[in-house]
Amino acid sequence: LGGTAWSNDYPRGDRAFARILRRLTRIDTRSVEQPINLNDGDDVYNWPWLYAAHIETASMPDSMVLKLREYLARGGFFYVDDFWGDAGWERVMELMGRIIPNAEAEEIADSDPIFHLLYDLKDRFMVANHNELMRTGHPYHNMPGAQEAHWRAIRDAKGRIVIVLNFNSDIGDSWEWADRPEYPEKYSNLGMRISINYTAYAMTH
């Protein structure tokens, strides 16, 4: 993605999640990650879902925006993670509006199938940012509007979730730091389970 800090948690987090997918599901998962450049021909269409962190920093040219729009229209799934606070939300939704004109984000209901495909995830909570947790003892970034986690989505005209927005959570850190004793297991556990459900949804809807 143009201009974004796309390599955050990369490649350690990506590979950790790939190992978990292979271990806990029957999804045929590669052992290494696949960075995607939306301007690299049609490569993006070979992959069922994309993950991006810190997308509020992205400066995507129109060519990338149109490619991502077409990717979603063809059945792709976009997993947006690790953006925080009121300003971050505003910037992300500006980009979402370019990708899907008039895009509207909704809070995903507890009863939605995406939270129950493999794991029942009714009791969700903020997944901690590692650096903030180590530095301050709390899981969130210290900025306005960053103290409450939200699980939001954008749907297509048929009601399929095409973009998930993990607002005020750092799922990537739950992958990257899963085997480190200083990062509490509860965060890695939830982050992995949410991501497995999202992946199953992307592969079946």
Side-chain angles (χ1 to χ4, degrees), residues 1-21 23-24 33 35 49-60 78-97 105-110 112 114-115 119-154 161 163-199:
L1 298 176
T4 187
W6 70 269
S7 60
N8 189 63
D9 305 320
Y10 167 92
R12 178 177 174 145
D14 309 65
R15 295 179 185 181
F17 182 54
R19 287 196 302 272
I20 290 295
L21 273 179
R23 185 185 307 163
L24 298 180
E33 68 291 338
W49 63 271
L50 304 178
Y51 170 86
H54 288 299
I55 198 173
E56 77 280 9
T57 66
S59 54
M60 290 178 64
F78 191 24
Y79 186 169
V80 179
D81 182 43
D82 192 10
F83 65 102
W84 299 78
D86 297 334
W89 176 257
E90 182 177 346
R91 287 193 293 269
V92 166
M93 287 308 297
E94 287 175 0
L95 178 57
M96 295 300 105
E106 64 181 54
E107 297 282 350
I108 307 175
D110 285 344
D112 194 279
I114 202 167
F115 289 139
Y119 296 103
D120 285 318
L121 299 172
K122 295 178 181 178
D123 299 318
R124 298 175 308 282
F125 46 84
M126 179 181 291
V127 176
N129 174 270
H130 174 270
N131 289 341
E132 289 296 324
L133 190 65
M134 296 302 101
R135 186 174 64 87
T136 68
H138 56 62
Y140 51 83
H141 289 276
N142 187 22
M143 60 182 68
Q147 289 73 44
E148 182 179 356
H150 295 272
W151 316 96
R152 293 173 176 167
I154 297 171
I161 293 176
I163 301 173
V164 288
L165 303 159
N166 288 344
F167 178 42
N168 292 341
S169 271
D170 195 339
I171 301 296
D173 271 8
S174 78
W175 305 345
E176 182 182 10
W177 302 99
D179 61 352
R180 301 294 283 271
E182 74 271 17
Y183 189 78
E185 181 272 340
K186 67 176 184 177
Y187 296 126
S188 286
N189 187 303
L190 179 60
M192 293 292 187
R193 288 170 182 250
I194 285 172
S195 300
I196 288 172
N197 274 25
Y198 285 179
T199 303

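Along the sequence shown, residues are numbered consecutively beginning with 1.
Put simply, the side chain of D110 does not reach to within 4.5 Å of the side chain of L121, judged on heavy atoms. At least one side-chain heavy atom of L165 sits less than 4.5 Å from a side-chain heavy atom of I163. Between E176 and H130 there is no side-chain heavy-atom pair separated by less than 4.5 Å. By the 4.5 Å heavy-atom criterion applied to side chains, H138 and E132 are counted as neighbours. Side-chain contact check for D112 versus I161: some heavy-atom pair is nearer than 4.5 Å. Counting only heavy atoms from C-beta outward, the side chains of N142 and T136 never approach each other to under 4.5 Å. Residues N166 and V80 fail the side-chain proximity criterion, which asks for heavy atoms closer than 4.5 Å.
Going from atom CD1 of I108 over to atom CH2 of W151 covers 9.0 Å, rounded to the nearest 0.5 Å. Taking CG from L24 and CZ from R19, the interatomic distance works out to 12.0 Å, rounded to the nearest 0.5 Å. In this structure, CZ in F83 is found 12.5 Å from CD in E90, a value given to the nearest 0.5 Å. The CD atom of E33 sits 13.5 Å away from atom CZ of R12, with the distance rounded to the nearest 0.5 Å. Residue N189 holds its CG atom at 8.0 Å from OH of Y119, rounded to the nearest 0.5 Å.
Checking side-chain atoms of D170 against main-chain N and O of D173 turns up a donor-acceptor pair under 3.5 Å. Counting only distance, with no hydrogens or angles, the side chain of R152 and the backbone of E106 share no donor-acceptor pair below 3.5 Å. Put simply, the side chain of Q147 gets close to the backbone of M143: a donor and an acceptor are under 3.5 Å apart. No donor-acceptor pair closer than 3.5 Å links the side chain of N129 to the backbone N or O of H141. With S169 contributing its side chain and I171 its backbone, the two residues share no donor-acceptor pair below 3.5 Å.
A cation-pi arrangement is present between R124 and F115 under the rule of less than 6.0 angstrom and at most 45 degrees off the ring axis.
Summarising the geometry of N168 relative to A149, their closest heavy-atom pair is O-CB, 3.6 Å, with the distance given to 0.1 Å. Among all heavy-atom pairs drawn from I154 and A105, the shortest one is CG1-CA, 4.0 Å. Here the shortest heavy-atom pairing between S174 and V127 reads CB-CG1, 3.7 Å. The shortest heavy-atom contact between P139 and A128 is CB-CB, 3.4 Å. Between E182 and M134 the shortest heavy-atom distance is O-CE, 3.2 Å.
Between F125 and Y187, the ring planes lie perpendicular to each other; the angle is over 60°, past the 30° to 60° tilted range. Taking the six-membered ring for Trp and thresholds of 30 and 60 degrees, Y198 and Y79 have ring planes more than 60 degrees apart, a perpendicular arrangement. Aromatic ring orientation, W49 versus F17: perpendicular (interplanar angle above 60°, classes split at 30° and 60°). Under the 30°/60° scheme for interplanar angles, the aromatic rings of F167 and H150 are found to lie parallel.
Heavy atoms from other residues, nucleotides or ligands lying under 6.0 Å from CG of D179 number more than 12.
Side-chain contact of S195 with W175: a donor-acceptor pair under 3.5 Å is present, judged by distance alone. For the 3.5 Å distance criterion, the side chains of H54 and E56 qualify, holding a donor opposite an acceptor. D81 and Y51 form a side-chain donor-acceptor contact under 3.5 Å, judged by distance and modelled atom types alone. Counting only N and O atoms by type, the side chains of R193 and N197 include no donor and acceptor under 3.5 Å apart.
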Run the numbers on S188 and W177 for side-chain contact (heavy atoms from CB on, under 4.5 Å), then give the verdict.
CA-CA 8 Å; S188 286; W177 302 99; 5.6 Å; no
